[in-house]
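Have a look at the structure below, then the notes.
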Amino acid sequence: MDKLQELEDLVAEFLKVEAAMVCSMGFATNSTNIPVLVGKGCLILSDELNHTSLILGARLSGATIRVFQHNNMKNLEKLLRDAVVRGQPRTHRAWKKILIVVEGIYSMEGSIVRLPEIIALKKKYKAYLYLDEAHSIGAVGPTGRGVVEYFGMDPEDVDVMMGTFTKSFGSVGGYIAGKRDLVDYLRSHSHSAFYATSMSAPIAEQIMRVMKCIMGSDGTLTGQQRVNQLAENTRYFRQKLHDLKLIIYGNEDSPIVPVLMYMPTKVGAFARHMLRKKIGVVIVGFPATPIAEARVRFCISAAHTKEMLDKVLLELDIMGDVLNVKHSRNSRTNRTVVYDENNIELDA
């Protein structure tokens, strides 16, 4: 349909790349397109906290998978160096492709990918980069263009840009963007292009209206004001949580804010209390998180007012005392990742 072509052209313009392809389901954007990009004889280096859709796509590809510690650049470089030096198991032939798979903002941690360092490693070891911006597109960066803009990087340095329309755009579906040759190849080989149902015209129109609003091409400043308001709300909410001595994860500019409750029973009690106060919260536990790191996840919106945030903070203050979860000793909580486990390797 003309609407889909118009949407794809607008997505490419918004991301400042050559071309884009839209899919009708965000999860399937990852799980059906990664197997097209890599296969047997290829290596995927995947962050340990990647979303299930990325993990499924990697497993379906038939490529060898090695997992690196979350946002740990030394560990990633070690795996890249070993992959280049040793090649494939048994034969020691060079890998056909090495694909680094990361997210822009990690949905359960609130952490932002260390993109400049990853791009530097990608160039150094001649690898490819797949960036999932499901939670960051429209949410971070001076004009809402995601972590690439947030770090001031060149979009051409990211080989495959992926994102979804279910968060900032209030719709459904996802996109893959990058070089025109890449997008044309996916169109002719991806199951999401061949077998999936096309996105409907009203959904495409909804996404375009929001994207034009963010870009300012609708003739208003509403989009930019919302991006600025989201950043302000995020900083305010995180600072107040620090003041309450609650332990939170993630980057200071991340609108995804996990508050640690640790014990599953405390998470349940917290959720029931907030429901009685007519406050909707997302509680997360095992297997989505480690069994001893149950948490409450807040997703900040530009539509939240200061009064709304203060109401939530008041209840957090009360329940923090009741549940005894105010354990932070610092004004800023930085998660230290210390792992001694061996890297996971899956051979197809």
Side-chain angles (χ1 to χ4, degrees), residues 8 11 15 17-68 70 76 79-80 83 88 95-107 113 115 118-119 121-122 125-137 146-148 155 157-166 172-197 199 343-348:
E8 290 178 341
V11 170
L15 297 173
V17 295
E18 293 180 7
M21 178 183 81
V22 298
C23 305
S24 56
M25 180 181 177
F27 190 100
T29 307
N30 281 328
S31 60
T32 61
N33 285 298
I34 291 177
V36 181
L37 300 172
V38 289
K40 192 171 179 61
C42 299
L43 174 65
I44 293 175
L45 299 179
S46 176
D47 190 290
E48 65 176 343
L49 297 181
N50 274 342
H51 190 262
T52 305
S53 59
L54 294 169
I55 296 170
L56 178 60
R59 289 176 176 172
L60 291 174
S61 71
T64 298
I65 305 167
R66 291 178 184 161
V67 179
F68 63 92
H70 176 54
L76 175 59
L79 293 179
L80 281 167
Q88 299 182 41
W95 295 100
K96 293 177 182 177
K97 296 177 193 169
I98 300 176
L99 180 66
I100 303 169
V101 180
V102 294
E103 293 186 47
I105 295 179
Y106 290 85
S107 58
V113 66
L115 189 62
I118 288 180
I119 288 176
L121 288 175
K122 180 204 87 141
Y125 293 97
K126 303 294 188 289
Y128 296 95
L129 176 59
Y130 187 107
L131 176 64
D132 179 343
E133 290 220 70
H135 292 86
S136 53
I137 194 68
V147 293
V148 176
D157 289 334
V158 180
D159 301 288
V160 187
M161 300 178 74
M162 178 271 172
T164 63
F165 301 122
T166 54
V172 297
Y175 65 82
I176 292 278
K179 298 284 188 185
R180 188 168 298 280
D181 290 345
L182 166 75
V183 175
D184 289 344
Y185 181 80
L186 288 173
R187 285 190 204 282
S188 58
H189 291 80
S190 172
H191 285 184
S192 64
F194 272 117
Y195 300 110
T197 304
M199 185 182 290
N343 295 305
I344 302 166
E345 180 175 330
L346 302 173
D347 287 316

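We count residues from 1, following the sequence as given.
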Notebook entry, point to check: So, do Leu60 and Ile34 sit near enough that their side-chain heavy atoms are less than 4.5 Å apart?
Noted result: no

Next item on the list: First locate atom CD of Glu18, then atom CG of Asp181, and finally report the distance between them rounded to the nearest 0.5 Å.
Entry: 7.5 Å

Check: Who pairs with Tyr128 by side-chain hydrogen bond (donor to acceptor under 3.5 Å, both in side chains), at least two apart in sequence or on another chain?
Finding: none

Checklist line | Donor-acceptor under 3.5 Å (Lys122 side chain, Asp157 main chain) | finding: yes

Check: How many angstroms lie between atom SG of Cys23 and atom CE of Met162, to the nearest 0.5 angstrom?
Finding: 8.0 Å

Notebook entry, point to check: Picking from Asn30, Val36, Thr32, what satisfies side chain to side chain contact (heavy atoms under 4.5 Å, CB included) with Ser192?
Noted result: Thr32

Next item on the list: Can you see which heavy atom on Ser136 is nearest to which on Ile105, and at what distance?
Entry: CB-CG1, 3.7 Å

Notebook entry, point to check: Would a 4.5 Å heavy-atom cut-off, applied to side chains only, mark Leu182 and Val160 as touching?
Noted result: yes

Checklist line | Spacing of Leu131 atom CG and Ile100 atom CD1 [to the nearest 0.5 Å] | finding: 11.5 Å

Next item on the list: Return the minimal non-hydrogen interatomic distance between Val183 and Gly178, and the atom names on each side.
Entry: CG2-N, 4.2 Å

Item checked: Heavy-atom closest pair, residues Val158 and Ile119 -> CG2-CD1, 4.3 Å

Margin query: Consider side chain to side chain contact (heavy atoms under 4.5 Å, CB included). Of Leu80, Ile65, Val67, which one does Leu45 pass it with?
Written below: Leu80

Next item on the list: Answer whether the closest heavy-atom distance between the side chains of Ile137 and Leu15 falls below 4.5 Å.
Entry: yes

Note to self: Minimum heavy-atom separation for Pro35 and Gly57, please, with both atom names.
What the structure shows: CG-O, 3.5 Å

Checklist line | Minimum heavy-atom distance between Gly104 and Val147, given as atom pair plus value | finding: O-CG1, 3.7 Å

Check: Under the 3.5 angstrom rule, does the side chain of Glu133 hit a backbone N or O of Met161 as a donor-acceptor pair?
Finding: no

Notebook entry, point to check: Under 30°, 30 to 60°, or over 60°: which ring-plane class applies to His189 and Tyr185, parallel, tilted or perpendicular?
Noted result: parallel

Check: Within the distance-only criterion (no hydrogens, no angle test), does the side chain of Asp132 pair as donor or acceptor with the backbone N or O of Leu54 below 3.5 angstrom?
Finding: no

Notebook entry, point to check: What residues form a salt bridge (Lys or Arg N to Asp or Glu O under 4.0 Å) with Asp184, not counting sequence neighbours?
Noted result: none

Note to self: Could you measure the distance from the NZ atom of Lys40 to the NZ atom of Lys96? Nearest 0.5 Å is fine.
What the structure shows: 8.5 Å

Notebook entry, point to check: Are Leu186 and Leu37 side-chain neighbours, meaning at least one heavy-atom pair lies under 4.5 Å?
Noted result: yes

Next item on the list: Evaluate the side-chain proximity of Val11 to Phe165: yes if any heavy-atom separation is below 4.5 Å, no if none is.
Entry: yes

Checklist line | Min side-chain heavy-atom separation Tyr130-Ile176 under 4.5 Å | finding: yes

Notebook entry, point to check: Looking at Phe68 and Asp47, what are the two nearest heavy atoms and their distance?
Noted result: CE2-N, 3.3 Å

Notebook entry, point to check: Can you tell me how far the CZ atom of Phe27 sits from the OG1 atom of Thr52, to the nearest 0.5 Å?
Noted result: 6.0 Å

Note to self: Could you check whether any side-chain heavy atom of Tyr175 comes within less than 4.5 Å of a side-chain heavy atom of Glu8, counting everything from C-beta outward?
What the structure shows: no

Item checked: Arg187 CZ: over 12 foreign heavy atoms closer than 6.0 Å -> yes

Check: Distance from Tyr106 atom OH to Leu49 atom CG, nearest 0.5 Å?
Finding: 7.5 Å

Checklist line | Sub-4.5 Å side-chain heavy-atom contact between Asn50 and Glu103 | finding: yes

